[in-house]
Participant: 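Before anything else, here's the structure in question.
By convention in this document, chain letters (A, B, ...) are assigned in the order of the sequence lines, proteins followed by strands, and residues within each chain are numbered from 1. Please read these numbers as outputs of a predicted model, since none were measured by experiment.
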Number of protein chains: 2
Amino acid sequence: MMSPSRKTPPKPARLPCPLASSLDIFGDKWSLLVIRDLFFGKKTFGEFQKSPEHIPSNILAERLKRLESTGIIRKSAYQQKPVRYAYLLTEKGEHLGPVMKAMVDWGNKYIPGTYSFSEIMEMMKKNSGSQNE
Amino acid sequence: MMSPSRKTPPKPARLPCPLASSLDIFGDKWSLLVIRDLFFGKKTFGEFQKSPEHIPSNILAERLKRLESTGIIRKSAYQQKPVRYAYLLTEKGEHLGPVMKAMVDWGNKYIPGTYSFSEIMEMMKKNSGSQNE
DNA sequence: AACAGTCACTTGTATATTGAAAGTAACTGT
DNA sequence: ACAGTTACTTTCAATATACAAGTGACTGTT
């Protein structure tokens, strides 16, 4: 039997496995895409939304909070009147570069039709107002 | 189960971004943990279940199907009477090593309390009958 | 001053995915 | 015959996601 008398553990923190722990932080469908956008120079809520995958705004807001709370990004006000924030990668966040690079390399090798880094870079720049695929 | 009876955009295939496409394949909480286990020499359904993160059996079954359908793993019968399968990484799956390594390195650097590769290796071997966290 | 427009969210609410538990099928070994 | 093992499948409540619409604080235009 499991010990039942304890209080509820807030986050069982899956285990001391660095892979499992990392996945708990950014192992979802969207987090790394936001981080990718930050690498590509995007900074604001609106810019993240314009990316071709079209992240829902509520999910984006939540992910930004999570990434901030885990120290991967931080925000700084870029204007005061209505306070608006730009998001930036911390050192911790920037060190996710190798993780993304490994995934990009794998994708380029094993998923036909994926674009190279520079092609994606181009696509990111002219980030469309189009809602269509 | 419901079937998609209406218009069927079966998999919009998010975009030609290799990162987004990779995430569509293994960007969830469990897939890479199963792949980790395969790297650690685990092969059977029961062995995956015994890993310390305790993946639910229905999720495990689904992930194994998905990983097989995407060519990351394959299965081969290891006995006939009741046909039972052992799962193996394909070349495509083995090449996820660098992705996991990058994540492990990041976790070890930025998540306090995570174990090194060799410590995890040890833990994997004596994969417990313990149900306790 | 009134109104459209922008930006960064927030709030509802369907829908989809997940997780925990229990059940099933095909055996083996006692 | 019956318990045990292995590999799942089924059920269903809980959680997460997606989509649409709305809000608040402005700016710039008429």
Side-chain angles (χ1 to χ4, degrees), chain A residues 1-2 4 8-12 14 20 23-31 33-34 37 42-68 73 75-88 127 129 131-133, chain B residues 1-12 14 20 23-24 26-31 33-34 37 42-68 73 75-87 127 129 131-133:
Chain A
M1 275 297 183
M2 283 184 266
T8 52
K11 278 269 182 179
R14 281 208 282 190
L23 288 168
D24 282 341
I25 294 176
F26 57 80
D28 68 280
K29 210 165 113 191
W30 294 110
S31 296
L33 293 182
V34 174
D37 286 354
K42 297 191 177 185
K43 292 176 175 49
T44 64
F45 197 96
E47 284 173 328
F48 301 138
Q49 277 191 292
K50 279 180 207 143
S51 280
E53 292 87 5
H54 302 114
I55 183 169
S57 58
N58 54 342
I59 303 293
L60 175 56
E62 199 186 65
R63 289 300 184 279
L64 289 171
K65 272 173 199 154
R66 250 176 48 183
L67 290 172
E68 201 199 350
I73 64 175
K75 56 183 184 179
S76 72
Y78 71 85
Q79 73 169 41
Q80 277 306 330
K81 296 307 309 221
V83 192
R84 294 206 193 296
Y85 296 99
Y87 297 91
L88 312 165
N127 57 12
Q131 295 298 57
N132 249 333
E133 260 86 306
Chain B
M1 280 286 190
M2 288 201 219
S3 50
S5 46
R6 280 293 178 74
K7 53 176 183 176
T8 338
K11 278 272 181 174
R14 281 207 280 190
L23 287 168
D24 282 340
F26 58 79
D28 67 279
K29 210 166 112 188
W30 293 109
S31 296
L33 292 183
V34 174
D37 286 355
K42 298 192 177 185
K43 292 176 177 53
T44 64
F45 197 96
E47 284 172 329
F48 301 138
Q49 276 191 293
K50 278 180 208 144
S51 280
E53 292 86 5
H54 300 116
I55 184 171
S57 58
N58 54 341
I59 304 291
L60 175 57
E62 199 186 64
R63 289 301 184 278
L64 289 172
K65 272 174 199 153
R66 250 176 46 187
L67 291 172
E68 201 199 349
I73 64 175
K75 55 182 182 180
S76 71
Y78 71 86
Q79 74 169 44
Q80 277 307 330
K81 295 305 308 225
V83 192
R84 294 205 193 295
Y85 296 98
Y87 297 91
N127 58 11
Q131 295 299 52
N132 235 328
E133 253 87 307

Participant: At what distance, to the nearest 0.5 angstrom, does CZ of A:R66 lie from CD1 of A:I59?
Facilitator: 9.5 Å

Participant: Determine whether A:K75 and A:L88 make a side-chain contact, defined as any pair of heavy atoms from C-beta on separated by less than 4.5 Å.
Facilitator: no

Participant: Does B:P56 or A:Y78 map to a spot on DNA chain C nearer the 5' end, using the closest nucleotide for each?
Facilitator: A:Y78

Participant: What nucleotide among C:dT10, C:dT18, D:dT17 has an atom nearest to a side-chain atom of B:I59?
Facilitator: C:dT18

Participant: Tell whether B:T44 reaches the base of D:dT6 with its side chain through a donor-acceptor pair below 3.5 angstrom.
Facilitator: no

Participant: To the nearest Å, how far apart are A:L60 CG and D:dC19 P?
Facilitator: 14 Å

Participant: Between A:F45 and A:L64, is there a side-chain heavy-atom distance shorter than 4.5 Å?
Facilitator: yes

Participant: Nearest whole angstrom, please: distance from the P of C:dA16 to the CG of B:D28.
Facilitator: 18 Å

Participant: What string of B, S and - do you get for nucleotides 22-29 of chain D 5' to 3' if you count protein non-hydrogen atoms under 4.0 Å?
Facilitator: ---BS---

Participant: When you compare the side chain of B:S76 with that of B:Y87, does any pair of heavy atoms fall below 4.5 Å?
Facilitator: no

Participant: Give one of base, sugar-phosphate or nothing for A:F48, where a contact means two heavy atoms less than 4.0 Å apart.
Facilitator: nothing

Participant: It should be established whether A:K29 places a side-chain nitrogen or oxygen under 4.0 Å from OP1 or OP2 of nucleotide D:dA18.
Facilitator: yes

Participant: For B:F45 and C:dA25, give me the distance from atom CZ to atom P, rounded to whole Å.
Facilitator: 17 Å

Participant: Whole-Å distance between D:dA20 C1' and A:H54 NE2?
Facilitator: 15 Å

Participant: Let me know the distance between CD1 of B:I55 and P of C:dG19, rounded to the nearest Å.
Facilitator: 8 Å

Participant: Does B:Y87 place a side-chain N or O at less than 4.0 Å from the phosphate oxygens OP1/OP2 of D:dA7?
Facilitator: no

Participant: Just grab all the salt bridge (charged side-chain N to carboxylate O under 4.0 Å, His left out) pairs involving residues 54-63 of chain B, residues at least two apart or on different chains.
Facilitator: B:D28-B:R63

Participant: Rounded to whole Å, how long is the line connecting atom CG of A:L33 with atom P of D:dT17?
Facilitator: 13 Å

Participant: Name the closest nucleotide to the A:N58 side chain, picking from D:dT17, C:dC9, D:dC19.
Facilitator: D:dC19

Participant: Measure the shortest side-chain to side-chain distance between A:F48 and A:L33 over non-hydrogen atoms and say whether it is less than 4.5 angstrom.
Facilitator: no

Participant: So, OP1 or OP2 of C:dG19: does either fall under 4.0 Å of a side-chain N or O from B:W30?
Facilitator: yes

Participant: Assign B:Q79 to base, sugar-phosphate, or nothing according to its heavy-atom contacts below 4.0 angstrom with the strands shown.
Facilitator: nothing

Participant: What integer distance in Å separates B:E62:CD from C:dA20:C1'?
Facilitator: 16 Å

Participant: Check the distance between D:dA7's C1' and B:K43's NZ and give it to me in whole angstrom.
Facilitator: 17 Å

Participant: Is B:K75 close enough to D:dC8 that one of its side-chain N or O atoms is under 4.0 Å from OP1 or OP2 there?
Facilitator: no

Participant: For B:Q79 and B:P82, indicate whether the former's side chain and the latter's backbone hold a donor-acceptor pair under 3.5 Å.
Facilitator: yes

Participant: Is there side-chain contact between B:D37 and B:K43, with heavy atoms separated by less than 4.5 Å?
Facilitator: no

